[in-house]
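Remarks on the structure that follows.
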Amino acid sequence: MIVVWRVVNSCNLACGFCAYDKRLGFPRSQAAPAEILRFATVLAEHQAQTGDGVLLSWLGGEPLRWQPLQALTHAVRGLGLEVSATTNGTTVGSLALRQHLCETYKELTISVDGFAAFHDPSRGWAGGFEKLRRWVPQLAREARVHGSRLKLRANVVLMHQNVGEFATLCDELADWGIVEITYNQLGGRDRPEFYPQHRLTGADVDALERALPAIRQNLASRAVMLIGGEHYLARIRASTLGQRMPVSDCDPGQSFLFIDEKGQVSPCSFTTQDYGIDIGSLRSAADLAALPARFRLLQQAARSRECDDCLSTQVCGKFNAARRKAPAMAAAE
Ligand SMILES: C[S@@+](CC[C@H](N)C(=O)[O-])C[C@H]1O[C@@H](n2cnc3c(N)ncnc32)[C@H](O)[C@@H]1O
Ligand code: SF4
Ligand code: SF4
């Protein structure tokens with residue numbers, strides 16, 4: 001089971017495409033550390049009883065700048081859970097943090113959207129790309145030296161302005177010691193003012209589709225995996241064409257959970273409003289086992305409109321196609 005926990009919604013960067021951009025003036029909040037620890041014990045009980053390994057994945061905002069996270073990560077590892085995070089990489093220059101990552105993390109996903117001319121202004125981080133170019137290989141080297149099993153991944157947000165350099169960026173990331181690359185198209189919900197000028201066009205997706213086999217082959221020859229297959233590309237194409245992709249049954253709560261910083265758990269990050277349940281109501285592995293049925297009841301009572309155009313990368317098999325059975329797709333409308 002993968003549990004993605006958005007532990008904080010504040011951030012130190014200013015990405016014009018993101019809801020957590022530091023320039024946005026909304027009240028920021030954070031998870032309750034004691035509640036993370038408590039729920040981690042429930043997850044550990046589930047893991048022990050079922051043999052289903054749990055990967056707890058920290059998300060933000062910027063999770064690695066959240067002060068309680070290191071101690072929490074040690075505690076969670078002590079319970080036997082695996083840990084990963086997605087980060088903007090601004091803290092990876094710290095030797096102490098890199099040691100912590102090597103000692104405790106199974107995976108780390110670093111967001112890199114392009115070379116300096118694109119990445120730095122789009123994230124509001126002057127010199128950021130060059131820093132990542134030094135720090136990430138350093139982390140990869142230290143992980144090797146310490147015999148750490150840390151797997152370094154990168155995530156690229158594809159937009160009209162950077163999709164043309166995706167192939168060379170992938171090559172660069174392979175040079176850094178990244179072993180898995182994921183990508184997602186720019187989404188438009190968070191910053192509708194940014195979207196029209198930056199979204200992928202149909203021609204961009206056609207070009208991407210033509211480029212992908214060579215990108216995959218080149219990366220494979222360097223032992224790097226590009227995640228996301230045909231179904232994932234179809235999902236991206238549908239968005240560019242304004243077509244909806246409904247999912248009738250995603251097996252909610254079975255192998256993936258999303259928890260927001262307020263402690264609401266849902267089958268994906270898009271359905272917190274419609275299917276969110278307070279994790280305070282989950283006190284045991286039995287409660288966790290009953291969660292899929294609770295989600296289904298909520299779905300039957302009032303199906304979320306999000307499911308009529310499911311944007312969840314989990315369902316589209318971006319991350320863990322091998323671990324999931326295919327979702328039941330409804331006929332496209
Ligand atoms: C919200 S960030 C949080 C973690 C961390 N701050 C980072 O940037 O990696 C998680 C991922 O979402 C991506 N992201 C943010 N806004 C997006 C958008 N509008 N469309 C697609 N991906 C987006 C980021 O690039 C990052 O890879
Ligand atoms: S660094 Fe991550 S959380 Fe922060 S604004 Fe950029 S994408 Fe959003
Ligand atoms: S939006 Fe997709 S992943 Fe989320 S609950 Fe609906 S079908 Fe499942």
Side-chain angles (χ1 to χ4, degrees), residues 13-21 59 86 88 109-125 128-129 153-173 178 180-219 224-247 268-270 305-319 321 327 329 332-333:
L13 291 188
C15 307
F17 48 83
C18 178
Y20 310 113
D21 180 336
L59 191 69
T86 302
N88 60 27
T109 303
I110 301 148
S111 294
V112 190
D113 303 325
F115 289 87
F118 182 82
H119 187 77
D120 295 6
S122 81
R123 295 214 163 226
W125 184 19
F129 180 82
R153 309 167 82 244
N155 186 55
V156 182
V157 181
L158 288 181
M159 313 177 202
H160 176 65
Q161 286 77 2
N162 68 349
V163 67
E165 65 181 22
F166 185 51
T168 40
L169 180 64
C170 285
D171 218 28
E172 170 79 16
L173 294 172
I178 297 284
E180 246 177 50
I181 299 175
T182 57
Y183 60 97
N184 48 287
Q185 66 183 327
L186 175 72
R189 293 163 185 232
D190 294 344
R191 304 292 292 276
E193 75 285 8
F194 184 91
Y195 187 62
Q197 296 299 318
H198 296 87
R199 62 180 296 182
L200 290 177
T201 64
D204 291 336
V205 179
D206 290 343
L208 178 66
E209 183 171 26
R210 285 193 299 273
L212 279 175
I215 297 175
R216 269 198 207 100
Q217 204 176 6
N218 173 47
L219 289 175
V224 177
M225 180 109 104
L226 181 68
I227 309 291
E230 274 172 36
H231 181 60
Y232 188 56
L233 193 70
R235 171 64 268 190
I236 291 177
R237 188 184 297 285
S239 290
T240 64
L241 297 173
Q243 290 170 351
R244 297 194 290 168
M245 283 185 80
V247 167
C268 67
S269 63
F270 299 96
R305 292 184 62 188
E306 301 294 335
C307 308
D308 296 334
D309 186 23
C310 175
L311 291 169
S312 168
T313 46
Q314 297 298 327
V315 165
C316 289
K318 175 181 162 190
F319 293 113
M329 309 297 291
E333 289 165 14

Does [X] reach the main-chain N or O of [Y] with its side chain, forming a donor-acceptor pair under 3.5 Å?
X	Y	result
Arg235	Cys310	yes
Asp309	Met245	yes
Arg123	Asp113	no
Asn162	Val157	yes

Side chain to side chain contact (heavy atoms under 4.5 Å, CB included) between Leu311 and Arg189, worked out:
CA-CA 11 Å; Leu311 291 169; Arg189 293 163 185 232; 3.2 Å; yes
Close side-chain approach of Ile110 and Val112, heavy atoms under 4.5 Å:
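SC-SC contact between Ile110 and Val112 confirmed.
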Give, for atom [atom1] of [X] and atom [atom2] of [Y], the distance between the pair rounded to the nearest 0.5 Å.
X	Y	atom1	atom2	answer
Ser312	Glu306	OG	CD	10.5 Å
His198	Arg191	NE2	CZ	11.0 Å
Glu230	Leu233	CD	CG	8.5 Å
Thr240	His160	OG1	NE2	12.5 Å
Asn88	Asn155	CG	CG	12.5 Å
Arg153	Thr86	CZ	OG1	7.5 Å

Quick one: closest heavy-atom pair of [X] and [Y], and the distance?
X	Y	answer
Gln185	Ser239	NE2-OG, 3.1 Å
Leu226	Phe166	CD1-CZ, 4.0 Å
Tyr183	Leu158	CD1-CD1, 3.5 Å

Check: residues 207-219 side-chain donor-acceptor pairs under 3.5 Å, at least two apart:
unit_1 : atom_1 : unit_2 : atom_2 : d
Glu209 : OE1    : Arg237 : NH2    : 2.3
Arg216 : NH2    : Gly228 : O      : 3.1
Asn218 : ND2    : Asp171 : OD1    : 2.9

Quick one: sort the Phe115 and Phe129 rings into parallel, tilted or perpendicular, breaks at 30° and 60°.
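Tilted.
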Let me see the working for Phe194 and Leu186 under side chain to side chain contact (heavy atoms under 4.5 Å, CB included), right down to the final yes or no.
CA-CA 10 Å; Phe194 184 91; Leu186 175 72; 4.0 Å; yes
Using the rule given for side chain to side chain contact (heavy atoms under 4.5 Å, CB included), can you reason through Asp190 versus Tyr20, listing the C-alpha separation, both sets of side-chain angles and the distance that settles it, and then say yes or no?
CA-CA 9 Å; Asp190 294 344; Tyr20 310 113; 5.6 Å; no
Would you say Glu193 has more than 12 foreign heavy atoms packed within less than 6.0 Å of its CD?
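Yes, because the 6.0 Å sphere around CD of Glu193 holds more than 12 heavy atoms from other groups.
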Evaluate Val156 against Leu173 for side chain to side chain contact (heavy atoms under 4.5 Å, CB included), listing each step before the verdict.
CA-CA 10 Å; Val156 182; Leu173 294 172; 4.2 Å; yes
